[in-house]
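Read the structure below first, then the notes.
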Amino acid sequence: MLNQGKLTKLEIKGYKDSKYSEPVSGARGVFKLQLNPKDYSVETTAPPMEKKTEKLANGTEIDKIVIAGKKCLSIEFYLDSTGVISGCDSVIKAVADLKWLCVEYQGEIHDSFFLQVIWNALVFNCKCNSLNVNYLVFKPDGEPVRAKVTASFQEFVDVTIQTLKNNTSSPDLSHLRTIKAGDTLPMLCKEIYGDPKYYLQVAKANRIVNFRSIKPGSQVLFPRLKK
């Protein structure tokens, strides 16, 4: 197992919008793990095997929506306020903050927050499926001071991108990229199109204002271009 001291702490960041452009403000907008998980798992579901068309009562055939496969991220970590490990003064408060960020209904957006799980190379845009908290150690008065949290996150893809993923004949499907640290539009255009000069067209297609500063985790479409 890698030395955790050499790794950045896993963070769960909240956003108010599905474009991941409006972060949740304040200290509760980011939950940083006290201890990194020893590992994480990613499950990918296959799209259902269904017909691609269906016939209406009047005999007309229409395209049938088929949901493309998505990824589910599962992590397990501990909260500890015994004083043995720094970073948590109260397990009760930490659990409340985690629930508020991940699963509670937010009246301002009429939904729970959109989330981004970040840990070194992992950048995962998602919504929280579930939080399971197992309280392990208690004070004499019953207050929990150690807990194990099992969290499940479902990949979130913007509706425009999901539509393209659902359309298996789309020429854009193989050119949907998730931006990683160090990626640039010219570099990716060189990789995909064989020439970096198309970066302005890609920026325009994705409504990217500042192509020099694209956040890791952002998803960018590289459409079929007329060269």
Side-chain angles (χ1 to χ4, degrees), residues 8-33 42 44 65 67-73 100-128 153-227:
T8 59
K9 292 294 180 63
L10 185 148
E11 292 183 343
I12 304 170
K13 293 186 176 182
Y15 290 84
K16 296 180 181 179
D17 65 314
S18 61
K19 300 291 185 182
Y20 290 82
S21 62
E22 189 178 356
V24 177
S25 59
R28 298 181 84 190
V30 180
F31 190 92
K32 182 177 289 189
L33 266 58
V42 179
T44 304
I65 296 175
I67 300 175
K70 286 188 177 182
K71 297 177 182 177
C72 184
L73 171 69
W100 178 83
L101 181 65
C102 292
V103 298
E104 289 187 5
Y105 178 83
Q106 306 295 332
E108 181 183 357
I109 63 172
H110 306 290
D111 198 353
S112 58
F113 289 130
F114 299 89
L115 304 172
Q116 193 171 69
V117 179
I118 303 172
W119 191 27
N120 297 297
L122 174 68
V123 181
F124 193 75
N125 293 344
C126 55
K127 299 279 283 186
C128 185
F153 302 92
Q154 182 75 48
E155 178 185 23
F156 178 83
V157 182
D158 183 74
V159 65
T160 303
I161 297 173
Q162 185 64 57
T163 301
L164 286 171
K165 291 180 100 175
N166 288 347
N167 180 5
T168 56
S169 64
S170 170
D172 301 323
L173 184 62
S174 61
H175 301 316
L176 171 64
R177 297 294 178 91
T178 299
I179 300 300
K180 304 186 296 295
D183 283 347
T184 66
L185 281 190
M187 177 187 74
L188 292 172
C189 286
K190 171 68 174 176
E191 177 185 335
I192 293 170
Y193 302 122
D195 196 319
K197 70 181 181 182
Y198 298 105
Y199 71 92
L200 288 177
Q201 293 182 56
V202 173
K204 183 177 180 181
N206 288 270
R207 298 180 181 178
I208 296 172
V209 177
N210 185 0
F211 71 88
R212 293 185 177 87
S213 180
I214 306 176
K215 287 191 341 180
S218 302
Q219 291 182 308
V220 176
L221 291 171
F222 290 81
R224 181 176 294 173
L225 300 178
K226 294 181 179 180
K227 303 183 181 182

For Gly217 and Val123, the nearest pair of non-hydrogen atoms, with its separation, is CA-CG1, 3.2 Å
Would you confirm whether Asn206, through its side chain, and Ile208, through its main-chain N or O, come within 3.5 Å as a donor-acceptor pair?
-> no
Is the Phe156 ring parallel, tilted or perpendicular to the Tyr20 ring (thresholds 30°, 60°)?
-> tilted
Listed partners of Thr178 passing side chain to side chain contact (heavy atoms under 4.5 Å, CB included), at least two apart = Gln219
Supply the atom-to-atom distance Leu10 CG to Leu33 CG, rounded to the nearest 0.5 angstrom.
-> 5.0 Å
Which donor-acceptor pairs under 3.5 Å do the side chains of residues 21-31 make with protein atoms, sequence neighbours left out?
residue: Ser21; atom: OG; partner: Asp17; partner atom: OD2; Å: 2.6
residue: Arg28; atom: NE; partner: Asp97; partner atom: OD1; Å: 3.0
residue: Arg28; atom: NH2; partner: Asp97; partner atom: OD1; Å: 3.3

What residues, two or more places apart in sequence or in another chain, satisfy salt bridge (charged side-chain N to carboxylate O under 4.0 Å, His left out) together with Glu104?
-> none
Those residues that, when tested against Lys215, pass side chain to side chain contact (heavy atoms under 4.5 Å, CB included) (two or more places apart) = Tyr15, Ser218
So which pairs with a foot in residues 184-206 pass salt bridge (Lys or Arg N to Asp or Glu O under 4.0 Å), sequence neighbours left out?
-> Arg177-Glu191
Determine, stepwise, if the pair Val42 / Cys72 fulfils side chain to side chain contact (heavy atoms under 4.5 Å, CB included).
-> CA-CA 6 Å; Val42 179; Cys72 184; over 6 Å; no
So, do His110 and Tyr105 sit near enough that their side-chain heavy atoms are less than 4.5 Å apart?
-> yes
For Tyr199, which of Tyr193, Phe222, Phe211 qualifies under ring pair (Phe, Tyr, Trp, His ring centres under 6.0 Å)?
-> Phe211
When rounded to the nearest 0.5 angstrom, what distance separates SG in Cys126 from CG in Leu73?
-> 6.5 Å
Sequence-distant partners of Phe113, ring pair (Phe, Tyr, Trp, His ring centres under 6.0 Å), two or more places apart | Trp100
Only counting residues at least two apart or in another chain, list the ones meeting ring pair (Phe, Tyr, Trp, His ring centres under 6.0 Å) with Phe124.
-> none
Applying salt bridge (charged side-chain N to carboxylate O under 4.0 Å, His left out), name anything that partners Lys32, two or more places apart in sequence or on another chain.
-> Glu11
Who are the side chain to side chain donor-acceptor pair (under 3.5 Å) partners of Asn125, not counting sequence neighbours?
-> Gln116
Write out all pairs satisfying salt bridge (Lys or Arg N to Asp or Glu O under 4.0 Å) with one or both partners inside residues 106-127, taking only residues at least two apart or from two chains.
-> Lys16-Glu108, Asp111-Lys127
Sorted by chain and residue number, the salt bridge (charged side-chain N to carboxylate O under 4.0 Å, His left out) partners of Asp183 (sequence neighbours excluded) come out as Lys180
OH of Tyr198 to CG of Leu185: how many Å apart, nearest 0.5 Å?
-> 15.0 Å
Correct closest heavy-atom pair for Ile12 and Cys102 would be CG2-SG, 4.1 Å
Rounding to 0.5 Å, atoms CG (Leu101) and SG (Cys128) come to a distance of 9.0 Å
